Number of protein chains: 2
Amino acid sequence: MRFMTSLKFIDVVAREGSIRKAADKLAITSTALNRRILQIEDELGQQLFERLPGGVRLNTAGEIFVQHIRSQFADLARVQSQIADLSGIRRGHVQIASGADALRRLLPEAIAKYRAKHPAVSFDLARCYGDEAEARLFSLDADIALIFAPIRAAHVHVAATLRQQIHCVMPADHRLAGREQIKLRDLAGESLVLPTAQSGVRQLLDTGLLRRQVDMEVILESDSFEFMQNFLHFESSLFFQIPIAIGAGGGRENEFDPLLVARPMDPADVAAGTLHICHLKGRVLPVAAAKFLDDIITTLRDTYPDEVDQ
Amino acid sequence: MRFMTSLKFIDVVAREGSIRKAADKLAITSTALNRRILQIEDELGQQLFERLPGGVRLNTAGEIFVQHIRSQFADLARVQSQIADLSGIRRGHVQIASGADALRRLLPEAIAKYRAKHPAVSFDLARCYGDEAEARLFSLDADIALIFAPIRAAHVHVAATLRQQIHCVMPADHRLAGREQIKLRDLAGESLVLPTAQSGVRQLLDTGLLRRQVDMEVILESDSFEFMQNFLHFESSLFFQIPIAIGAGGGRENEFDPLLVARPMDPADVAAGTLHICHLKGRVLPVAAAKFLDDIITTLRDTYPDEVDQ
DNA sequence: CAGCGCGATGCAAAAATTGCACTGCTTGCC
DNA sequence: GGCAAGCAGTGCAATTTTTGCATCGCGCTG
């Protein structure tokens, strides 16, 4: 899209914080890039960047303008997607920001199912925590976000929510494996494997643990659920996940690992969390993204009829 | 704005319906213009125009794309206005579509008052009837519309409304001048000067007249209130206006013409109409337009405290 | 059938963008 | 304190892109 190049260049310079670095990335000389930027600033009658000794940085006008540029790109993508849809073949590119939870089973399944119907649609998955996911929606680097944590920013529109009780995962032969439900005090003396402090699961656990003084040992902290799960094969310990990550709940047996079992935590001890399925408020999503969003909400509503809202 | 030229060109071609005519208007050769369009269609991978023997016409993809282009322009204007506002001086251009009613006193006064505060803001006033005003909002040729008629399109957001009772205007020495209120049957035998059928005033009058069979003579139809008003100086007859057009109502004496008086129609005979102050739904207006909209609503609320809603 | 107006295209002229070499500036490191 | 490195900006020539002219082919109209 030739007419967007100058705008794209500004976006890249803003991200890189330096004209030369951006020029490298864009495979042109810094001087050409520099002049394009000067030209646009001139046409606009406004500086967009502060010139610092180590590079450039957006000023207030620049922030506003770059936000505009990004929305231009997002809107162009929407228009292209809409136009392509006219010819019957759905094309497009869907960018998703998601926590690790939803990346385990929910999204792989949902995307494969969607792509079976619309093979011309491609996907981009960014794994991140709540705050970053919200930032990505805002900077239009993500169309859709799946966040298992409270929503902080006002610019996020929550299209649907899914209540999820935290489950305790353990080897099938663990002493707690027979319980229907696990209470916090059951964890006394156990070895725990916990997700990092930024994760929504960890935050809910911490809230519960704060209230009751339970003595236990945290032997490992990781941001990789896969690693933690595999660790349980080698050392008997406990870790925590939510149903969508393990394919359990909603009447389905857990199918994630024959050697492990998952048991829900007592809701009185650890509150249920909420998975938020969001997009940027006021934004019209590209056809592909909008339909995928519909699909995923429908799927969740079918799988967990009682836990989905809105 | 150099990077928008190609898009602007497409917009003009779409409006003109012919590449050559558009080229004339844009002061370039048709061949240059033609090639720009071919290039963009090529980049987009989609035809935007149907080639007809007498010129070109947008196809469905083109309609979508042109709508996108117009929203780009409108959004760029908003961004520029917002950036200019940073420096303290409000700049910008406000486009208003309005019926003739509001163009008589309300808008001249309001705009002059606003420009006294913000001399760098310019205005564009298009006089039109309801349907066209709505179309202008949609094609982004107008930021704000003042419509004295029912709103038809779903894409219009009504920011405020003002109830207006139709007044009958007559020479000060007319036999009805002594009445507090005019009833339809009082018009029997009178000569009437009526606005055109498209006008909201006329539609309300017609609705009233349909119910009661009143025998009177329509001696003149015009879309110019000014003409009708001046006509009354030469031939004693009756014409009709709403308070905002004559500066009457809300406790103010009518000040529009010392030789004429305005008397309200009986609401039982002719229903009160509604002036709608609108903008396009979901659109973020440029700073200048948004503030002007605020101003005008505040002014109306001060002048007619009981008739303004929302 | 001739004439007109339309969009498309080959080719040369004009205009723009780009890359190279270099400037002036600041920072950080020896 | 001086020197190297990294940064944005600039003059000039090379290159690429855009434009204008002449012209074609097509479909409609009188």
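We name chains A, B, ... by the order of the sequence lines, and we start the count at 1 in each one. Note that the structure is predicted; figures quoted are calculated from it, not measured.
A donor-acceptor distance shorter than 3.5 angstrom exists from the side chain of B:R115 to the backbone of B:V121, with no hydrogens or angles considered. Between the side chain of B:H276 and the backbone N or O of B:A149, at least one donor-acceptor pair lies under 3.5 Å. Remark: the backbone N or O of A:I19 is not paired with any side-chain donor or acceptor of A:S30 at under 3.5 angstrom.
At a threshold of 4.0 angstrom between heavy atoms, the contacts of A:I28 are confined to the sugar-phosphate backbone, with no base atom among them. Residue B:S30 is classed as having no contact, given no heavy-atom separation below 4.0 Å to the nucleic acid.
Salt bridge present: A:E41 and A:R51 bring a charged side-chain N and a carboxylate O closer than 4.0 Å.
Rounded to whole Å, atom P of C:dA8 lies 13 Å from atom CG of B:D42. Between the CG atom of A:N34 and the P atom of C:dG19 there is a distance of 13 Å, rounded to whole Å. Taking atom CG of residue B:L38 and atom C1' of nucleotide C:dT9, one finds them 10 Å apart after rounding to whole Å. Between the CG atom of B:D24 and the P atom of C:dG7 there is a distance of 11 Å, rounded to whole Å. Taking atom CZ of B:R51 as the reference point, atom P of C:dT9 lies 10 Å away to the nearest angstrom. Between B:K21 atom NZ and C:dC4 atom P there is a gap of 17 Å when expressed in whole angstrom units.
Residues of residues 55-64 of chain B that place a heavy atom closer than 4.0 Å to DNA chain D do not occur. Near DNA chain C, meaning a heavy atom under 4.0 Å away, there are no residues from residues 6-15 of chain B.
Not counting sequence neighbours, the partners of A:R78 by the salt bridge (Lys or Arg N to Asp or Glu O under 4.0 Å) test are A:D75. Qualifying salt bridge (Lys or Arg N to Asp or Glu O under 4.0 Å) partners for A:D42, counting only residues two or more places apart in sequence or in other chains: none. By the salt bridge (Lys or Arg N to Asp or Glu O under 4.0 Å) test, B:E63 pairs with no residue at all, sequence neighbours left out. Checked against salt bridge (Lys or Arg N to Asp or Glu O under 4.0 Å), B:R2 has no partners two or more places apart in sequence or in another chain.
Remark: A:Q39 is not in phosphate contact with C:dA16, judged by side-chain N or O atoms under 4.0 Å from OP1 or OP2.
Counting 5' to 3', DNA chain D first comes under 4.0 angstrom of a heavy atom of chain B and last does so at the ends given by D:dT18 to D:dC28.
Counting only residues at least two apart or on different chains, the salt bridge (Lys or Arg N to Asp or Glu O under 4.0 Å) pairs with a member in residues 137-156 of chain B are B:R15-B:D141, B:D131-B:R152, B:D143-B:R283. Contacts classified as salt bridge (Lys or Arg N to Asp or Glu O under 4.0 Å) and involving residues 24-35 of chain B (residues at least two apart or in different chains) are given here: B:E16-B:K25. Applying the ring-ring contact (aromatic ring centres under 6.0 Å, His included) test to pairs two or more places apart or on separate chains, those with a residue in residues 128-152 of chain A are A:F138-A:H155. The stretch residues 88-97 of chain A participates, sequence neighbours left out, in these side chain to side chain donor-acceptor pair (under 3.5 Å) pairs: A:D85-A:R90, A:R90-A:Y114, A:R90-A:H118, A:H93-A:S122.
Taking the six-membered ring where the residue is Trp, A:H279 and A:H157 present tilted rings, their angle falling between 30° and 60°.
The minimum heavy-atom distance linking B:E134 with B:I151 is given by the pair OE2-CA, 3.4 Å.
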Can you build the contact string for nucleotides 20-30 of chain C? Use B for base contact, S for sugar-phosphate-only contact, and - for no protein heavy atom under 4.0 Å. B-----SS---

